[in-house]
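So that we are looking at the same thing, I have put the structure below in C-alpha cells.
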Amino acid sequence: MIHGLGGEILWVDMTNGNIEKRPIDEELLNKYLLGAGYLSKVLYDMIPAGTDPLSEKNVLGIATGTLTGSMFPQASRHVVAALSPLTGVWGESHAAGFFGAELKFAGYDAIMFTGASSDPVYLNIEDSKVELIDASHLWSKDVFETDDILRKGHNRKFRTLSIGQAGENLVRFAAVMNDRDRASARSGLGAVMGSKKLKAVAVKGTGKLEVADPKNYLKQMDIFYERMMANPFTPGRVKYGTTSLVELMQHIGRLPSYNMKQGVFDGYSKISGDAINEKYLVKARADYSCLQRCGRYTAVRNGPYAFEGGAPEFETQSSMGSRCGNDNLESVLFGHHLANQYGLDTISLGGTISWAMEAWDEGLLTAEDTGGIDLSWGNAETIVKLTKMIALREGFGDILADGSALAAKQIGRGTDKFVMTVKKQEIAGQEPRAQKSMGLAAVTAARGADHLYAFPVLDEAGFDEDIKKRFGEEYLPEMADRLNPKYKGIMVKECEDFMVMVESVGLCKYGTQMPPEFYYDDIALALKVHNGLNLTGLQLQEIGERIVNLNRLFNARFGITRKDDCLPDRLTNEKAPIGPSAGEVVELDIMLTEYYDVRGWNQETGLPLKETLKRLGLEDI
Amino acid sequence: MTELKFVFGDPVVCSGCMICVNVCSMYYSKVIGPTRSRVRVVRVEPALDFPLFCRNCEDAPCIAACPEGALSRTSKGIVIVNNRKCNGTGACVAACPYNAIHIHPDTGKAIKCIQCGQCVDRCPADALFITTTAELAERDKDGRMMALHEEHKDVLYDKEAEK
C-alpha cells in the first residue's frame with residue numbers, strides 16, 4: 001500500500017456530467033509517480049494526433065505529486081496539463097498554493113476532465129461529495145470575484161482554482177489560477193478550461209494523510225527543515241523572493257530588454273527588487289509547507305495603478321518591465337495584479353506586447369492596426385490597457401490574445417522576424433545569449449520555450465561544487481561557465497530528468513535546483529518516510545528520463561522533430577549588442593547535438609531511438 | 001492570574017505556511033491533517049495570516065461547559081482534556097469564544113493547544129511565541145496585534161465556517 005496520498009483519482013466527464021472515482025494504480029505510480037509524470041502518461045494514452053486543443057477531445061488534468069501535502073519543505077505543488085492551445089503540443093504548468101494539499105485532504109490525488117460542457121459549471125468537492133454545479137453566476141467574473149463568491153457561498157474553508165475572463169475568452173495564454181494569486185500560467189491551459197466551460201474547482205477536505213513512517217517522520221522532516229533554513233540562499237529568498245533577479249540578471253547581461261534585442265536595461269534599478277522592497281512590499285507570503293516564502297504581497301497606495309495583492313515575480317518584472325522598455329514599476333506591479341485578476345500568463349503577455357512594440361518601432365504596425373493605441377517602447381499606459389483588452393479580446397487585444405506567433409502571422413509584413421518564441425510559446429526572462437544553457441533548455445522543453453522544464457541554473461551562480469557532485473570534476477570549468485556551450489547538452493539533460501521528477505512528487509524547484517539543496521537521494525528518503533515507496537535515487541532519475549521521453553513522443557505525434565527545436569534567428573545569429581555578454585550568440589547546434597547524443601535520440605529527427613525507449617520500458621509505446 | 005500562558009502569533013509576520021498545523025497533528029496524532037491539529041491558520045486578505053491557539057482564558061468557559069468534567073486546569077495553569085472522561089459532547093467547542101477547541105474526528109475526543117511549544121520551535125518565520133496577557137501587552141505596546149485579532153474576530157472565530 002502506498003501511504004500519504006489522497007487515494008483516488010476523480011474522472012469528470014464534462015459532456016454528460018458523470019463523475020467517477022478510480023483508485024490509484026500502484027504499478028503506474030511506480031513507473032511515473034504522480035503530478036507531471038502521471039499526467040504525461042495518461043494524456044499520452046488519451047490524446048490522439050490531430051486533436052484540436054480547444055475541442056471536447058482534449059483532456060485536462062490537474063494532479064498533485066506524491067509528496068504534495070507532506071511536511072517536506074515546499075511540498076505545495078500541483079500540475080495542470082493538456083494539449084496546449086498556444087503551441088499545439090504538450091502543455092503543462094505548475095503552481096503552489098494550498099489547493100493541492102486540500103485536494104489530498106479531500107481524498108483525491110488528481111482530477112481528469114474529459115469532454116466539454118455546453119453551459120458553465122464548476123466542480124465542487126467536499127470530501128466524498130463531488131458534484132458539478134451551474135456556474136452561470138460566475139461566468140464573466142474575474143479570479144478574485146470567483147474566489148470571493150465561491151468561498152462566501154460555501155464557506156471560507158474552501159480552496160479554489162479558477163479561470164478569469166481570459167480563460168473564458170479562450171486567450172491562448174490564459175492561466176489557470178488557484179488560491180487567488182497562484183498561477184499555472186504557461187501553455188494557455190486556462191483556455192482549455194474555458195473551452196470545457198469549466199469555470200472553477202472548489203475543494204474542501206477534512207481528511208488526513210497517513211504517512212508510512214509516523215514514528216520517524218517528524219525527526220526526518222526536522223533534518224530537511226534545518227538544511228533548508230541553513231541554506232545561504234534562504235534569507236535572500238525571504239527578503240526578495242525572485243524580485244532581486246533583476247539586479248543579478250542586469251549584472252550578467254541576461255535581462256531581456258526591448259523584445260530581447262539586448263540583455264541589459266538602463267532603467268533596471270527602477271524595477272528592481274530593492275525598488276519593490278523600498279516602497280511597495282507589504283509582506284513575504286508562503287504557500288503550504290514553504291520555508292522560503294518567495295511569494296510577494298505588494299501594494300501601490302494611490303494613483304492610476306493603485307491595488308494590493310499577490311505580486312510580482314521576476315518573470316513579470318522582466319516581461320512587463322524591461323522587455324517592453326518599461327521602467328514604471330507601479331505599472332509593472334499593477335499589470336501583474338491585473339494578469340492575476342483576468343487569469344493571464346505574464347510571460348506570454350509581456351512577450352506578445354513587446355513583439356508588437358518592436359513591430360511598431362520598426363514601422364510595421366501603425367495606429368490603424370492598433371485602433372489608435374500608441375505602442376512606443378515603455379508606454380506603461382499602453383501595457384496596462386492592452387492587458388485588459390487581451391483578456392477581454394477587445395479591439396487590437398483580440399489579435400494579441402492568440403500570442404505573438406499567430407498575431408505575426410495574421411499581421412504579416414515581416415513582423416514574424418520579431419517573434420521571440422519556441423514552438424509558439426514566448427521565451428521567458430532569460431536572455432540566452434548571456435547563458436547558453438538557457439537557450440538550449442528553451443528549445444528542448446516539451447511545452448515550448450520554457451526555463452523551468454530543465455531550470456539549468458547550475459552555471460548561473462557559482463554552483464561548481466554541485467556540478468562536481470552531480471557530474472564529476474572533469475566537467476569543470478566549462479560546464480560552470482555560462483557563456484561556454486560545452487557540456488550544456490549534458491547539463492540540460494540531467495536537469496530535465498531531475499526537474500520533471502520533482503514536478504511529479506509535488507515539490508518546488510526552489511530547494512531542489514535553486515539552491516540545489518535536495519537531490520535524488522533526499523527525495524528518495526522523503527518518498528520512503530511519507531509514501532512508503534522504496535525507490536532509489538537511480539530509479540527516480542530513470543522515472544524522470546522516462547517522462548521526458550514520453551513527452552517527446554507526445555510531441556512527435558503533433559509533428560515535432562529537430563527542425564522545431566530552434567531559437568529565433570536573433571538569438572543564434574545576431575550578436576548581443578551591448579552589456580556584459582556583448583558579442584555572444586547561442587551556439588545552439590553544438591549543444592543540441594550533444595543533448596540528443598546523451599538523450600539517445602536520433603540526430604536528424606530528434607526522436608528517441610528504439611534502444612532508448614527499450615531501456616526506459618517504453619518499448620510498447 | 002496573569003501568569004497563564006498561551007501561544008500567540010503575529011498575523012503580519014506569519015507567512016501562512018501551516019507548518020505549525022502540520023507539526024501539531026504529526027506530533028500528537030501521527031498524521032498530517034488540519035482537522036487533527038490544535039492550531040489553525042486563517043488567511044485574511046489583505047496579507048494577514050492568523051495562527052490561532054487556545055488563549056487560556058482566566059475564566060475558561062470550556063471547563064465550566066463540560067458536562068463530564070473532562071476539562072481541568074493543571075497546577076501549571078494549562079487547561080487539559082481528560083480523555084477517559086471526555087465523551088466528545090462538543091459543549092466545550094460551543095463554549096469557546098476563540099474556536100480553539102475541537103473534536104478530533106478519529107478519537108471523538110476534544111483537542112486543544114497545551115502550550116507545548118513544538119510548533120513555536122519550528123516556525124520558519126518566527127511568528128509564534130508563548131506569552132502571557134501581561135507579557136503580550138508589553139510586546140504589543142501599540143496594540144497592533146490585538147487590534148488585528150479584534151478587527152477580524154468574526155472571521156477568525158466563526159465556527160459555522162468549518163461545518
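Labels below follow one simple rule: chain letters A, B, ... track the order of the sequence lines, proteins then strands, and each chain is numbered from 1.
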query: With only heavy atoms counted, which part of B:Asp49 is less than 4.5 Å from chain A, the side chain, the backbone, both or neither?
result: both
statement: Checked A:Arg180, A:Glu210, A:Gln292 vs chain B; the most non-hydrogen pairs under 4.5 Å come from A:Arg180
task: Name the region of A:Arg293, side chain, backbone, both or neither, that has any atom closer than 4.5 Å to a heavy atom of chain B.
output: side chain
message: Please classify the contact between A:Met229 and chain B as side chain, backbone, both or neither, with a heavy-atom cut-off of under 4.5 Å.
response: side chain
task: First locate atom OG1 of A:Thr146, then atom CE of A:Met177, and finally report the distance between them rounded to the nearest 0.5 Å.
output: 11.0 Å
query: When the ring centroid of A:Phe72 is compared with that of A:Phe518, is the distance short of 6.0 Å?
result: yes
field: Output field: ring centroids A:His337/A:Phe144 closer than 6.0 Å
entry: yes
task: Name the member of A:Glu226, A:Glu308, A:Arg285 that forms the most heavy-atom pairs with chain B at distances under 4.5 Å.
output: A:Arg285
Quiz item: cation-pi between B:Arg55 and B:Phe8, 6.0 Å / 45°: no
field: Contact leader toward chain A among B:Cys17, B:Pro105, B:Pro34, where contacts are heavy-atom pairs under 4.5 Å
entry: B:Cys17
- prompt: Near A:Lys239 NZ, under 6.0 Å, is it more than 12 heavy atoms from other residues, nucleotides or ligands?
  reply: no
statement: side chain to side chain contact (heavy atoms under 4.5 Å, CB included) with A:Arg296: of A:Leu281, A:Val282, A:Asp181, only one passes, and it is A:Leu281
message: Counting heavy-atom pairs under 4.5 Å with chain A, which one of B:Gly33, B:Ser29, B:Ala125 comes out on top?
response: B:Ala125
field: A:His3 portion near chain B, given a 4.5 angstrom heavy-atom threshold
entry: neither
query: Going by the angle between their ring planes, with limits at 30° and 60°, are A:Phe334 and A:Phe307 parallel, tilted or perpendicular?
result: tilted
Chain A interface, residue from B:Arg43, B:Gln118, B:Lys30 that has the most non-hydrogen pairs under 4.5 Å: B:Arg43
message: For the interface with chain A, which of B:Val42, B:Ile32, B:Val12, B:Val31 has the highest count of heavy-atom pairs at distances below 4.5 Å?
response: B:Ile32
message: If I measure from the heavy atoms of chain B, does A:Tyr288 come under 4.5 Å with its side chain, its backbone, both, or neither?
response: both
task: Compare every heavy atom of A:Leu103 with every heavy atom of A:Val203, then report the nearest pair and how far apart it is.
output: CG2-CA, 3.9 Å
statement: One option among A:Ser289, A:Ser76, A:Ser70 has the most heavy-atom pairs under 4.5 Å with chain B, and it is A:Ser289
- prompt: Hey, which of B:Cys113, B:Cys116, B:Ser37 is the one that makes side chain to side chain contact (heavy atoms under 4.5 Å, CB included) with B:Cys24?
  reply: B:Ser37
message: Which one wins on heavy-atom pair count under 4.5 Å against chain A: B:Pro46, B:Cys123, B:Gly16?
response: B:Pro46
